[in-house]
Structures are given as structure tokens and as C-alpha cells.
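In what follows, a structure is listed as C-alpha cells, so that the remarks can point back to it.
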Amino acid sequence: QGYARMLERWGKDDRAILEESISAINKEAKNMQDLVEKLLFIARNDKDTMVLIKNEFDMSELMRELVRDTEMLNTEHKVESLIKPGIKVFGDPDRIKQALRIFVDNAIKYTEKGGTITIRLEEEDKYAVAVIKDTGIGIPENELPNIFDRFYRIDASRERNKGGHGLGLSIARIIVLRHGGRIKIRAMESPS
């Protein structure tokens, strides 16, 4: 609203203010759209009206797509992958990819430039196990029980610069649980 008022007052005569205002308004509109979509997703889950379109699909190929997307969109980190071929699962591939993208985006967000994001897929006791690992700042152990809570942020000052609404991990958790899966979090091992 502030940029709209600034645009109304001075933007008609000042090209720089016009461009800055339009850019800021577009960015905030996208941010609000993202928030609304996340809230609708959570509301559908709460009302048990979420529809998952499940079928058997190649999880290995989905993970390779995730790696390609990550490498294409992110040039500031090293992306490593180890994906066992031929792993098939029954589920909603779009939602599973959405959950994995949330984990990868968080890894990117909290890993310094030059750090490493590892994307792995393996099979364990006939279950597909997707692993997203990073060399980022980590999560304090006392915060782990809360990170999947809606709107939860570990440190407000840390989050302010990173953006987000504190909904991503709760959405990923919903998707994983709706598929009968589990999420495990492990703190980074300290260097020896």
C-alpha cells in the first residue's frame, strides 16, 4: 500500500519511483499469493478435503528432476546427488516433489554460498528413502520439536532476512504423513 501511495503521489512524474514501486508491488503481490496458496493447502488438509492423485511412478526420475531443477535455479551452491535407479513408489508425484522442493529450498536458504546440498535416494526395507543434506547453519537441538509447527520460526532476526512465512515445513510434513511416510531430522555432525 505504501508503494501504491508513493506511486500515486510521485510516480507519474518520476520514472525511477515508478519502476521501484511497480517492482515492489509485484514482489509483494507474489508473496501474498504464495501465503494464500499455503493457507489454502493447510485449510484443505484440516477440513480433510485435500485430494491426492496417487499412482505408481518412478521416484528415481522425480529425484533426478529435482536435482536438475536445483542445479538450474541455484548456482551459488554445489549440488551433489546419489540416486538409486528404478525405485517405484505409489503416491501423488506432484505433492511429493512439492515436499522435497521445500526441504531443498530450506537447505539452500540456510547454507552459505559455496556450501553443498546433497540429494540422495535409496531403498531401505522396501521403502524409498529421500535424503536432503546440507552444510548450512543447522538447527539448535532444542528447536527441533517445533520446526514443523505452523508459523514457527527459529529465530526471528535470522528469518527476517530470508523471507518465508513459517509454513513450508508444516506443509511438507502434511504431504509426507498423507502418504504414510516419516520424516527424520539429524543434526550435522561436527567436524573432527
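Remember, it's a predicted structure, so these values are computed and weren't measured experimentally. All residue numbers in this chain count up from 1 along the given sequence. Atoms considered below: every heavy atom in the structure, side chains included; atoms not considered: hydrogens, waters and symmetry mates.
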Subject >> Sub-4.5 Å side-chain heavy-atom contact between Thr116 and His77 >> reply: no
**OP:** For Val79 and Thr70, work out which heavy atoms get closest and say how close.
**Re:** CG2-CG2, 3.9 Å
**OP:** Considering non-hydrogen atoms only, spot the tightest contact between Val89 and Ala128 and give its length.
**Re:** CG1-CB, 3.6 Å
**OP:** Decide yes or no for His179 and Lys54: does some side-chain heavy atom of the first lie under 4.5 Å from some side-chain heavy atom of the second?
**Re:** yes
**OP:** Considering non-hydrogen atoms only, spot the tightest contact between Ser60 and Gly86 and give its length.
**Re:** OG-N, 3.2 Å
Original post:
Would Arg101 and Gln98 count as having a side-chain donor-acceptor pair, cut-off 3.5 Å?
Top reply: no
Subject >> Pair Ser81, Arg64: side-chain N/O donor-acceptor within cut-off below 3.5 Å >> reply: no
Original post:
Is it true that a side-chain atom of Thr111 and a backbone atom of Ile108 form a donor plus acceptor pair closer than 3.5 Å?
Top reply: no
Original post:
Do Asp48 and Arg178 meet the salt-bridge criterion of a basic N to acidic O distance under 4.0 Å?
Top reply: yes
Original post:
How many angstroms lie between CG in Asp58 and CE in Met63, if you round to the nearest 0.5 Å?
Top reply: 11.5 Å
Original post:
Does one hydrophobic cluster hold both Ile87 and Val131, with members joined at side-chain heavy-atom distances below 4.5 Å?
Top reply: no
Original post:
Do Glu80 and Ile117 come close enough that some side-chain heavy atom pair is under 4.5 Å?
Top reply: no
Subject >> Note, Ile119 side chain near Ile132 side chain (heavy atom, < 4.5 Å) >> reply: yes
**OP:** Step through the shown structure and confirm whether more than 12 heavy atoms of other residues, nucleotides or ligands are within 6.0 Å of CG on Leu73.
**Re:** yes
Original post:
Roughly how far apart are Lys184 NZ and Arg182 CZ, rounded to 0.5 Å?
Top reply: 4.5 Å
Original post:
Are the charged groups of Lys84 and Glu123 less than 4.0 angstrom apart, N to O?
Top reply: yes
Subject >> Nearest heavy-atom neighbours spanning Ser170 and Leu167 >> reply: OG-O, 2.8 Å
Subject >> Worked verdict on Thr135 versus Glu112 for side chain to side chain contact (heavy atoms under 4.5 Å, CB included) >> reply: CA-CA 8 Å; Thr135 58; Glu112 293 180 15; over 6 Å; no
Subject >> Side chain proximity check, Leu121 to Val129, heavy atoms < 4.5 angstrom >> reply: no
Original post:
Hey, are the side chains of Asp92 and Phe57 touching, using non-hydrogen atoms and a 4.5 Å cut-off?
Top reply: no
Original post:
When clusters are formed by joining ILVMFWY residues with side-chain heavy atoms under 4.5 Å apart, either directly or through shared neighbours, do Ile174 and Ile185 land in the same one?
Top reply: yes
**OP:** To the nearest 0.5 Å, tell me how far Glu71 CD sits from Lys78 NZ.
**Re:** 11.5 Å
**OP:** Kindly compute the distance separating CD (Glu28) from CG (Asn26), expressed to the nearest 0.5 Å.
**Re:** 10.5 Å
Original post:
Leu40 and Leu52: same hydrophobic cluster, using ILVMFWY side-chain contacts below 4.5 Å?
Top reply: no
Subject >> Nearest atoms (heavy-atom pairs only) where Leu169 meets Ile102 >> reply: N-CG2, 4.0 Å
Subject >> Heavy-atom pair with the smallest gap, counting every atom of Leu100 and Ala130 >> reply: CD2-CB, 3.8 Å
Original post:
Which value, rounded to the nearest 0.5 Å, describes the distance between Lys113 atom NZ and Glu76 atom CD?
Top reply: 4.5 Å
**OP:** Before giving the answer on salt bridge (charged side-chain N to carboxylate O under 4.0 Å, His left out), spell out for Lys97 and Asp69 the whole-Å C-alpha distance, their side-chain angles and the decisive distance to 0.1 Å.
**Re:** CA-CA 11 Å; Lys97 189 172 183 182; Asp69 294 349; 3.1 Å; yes
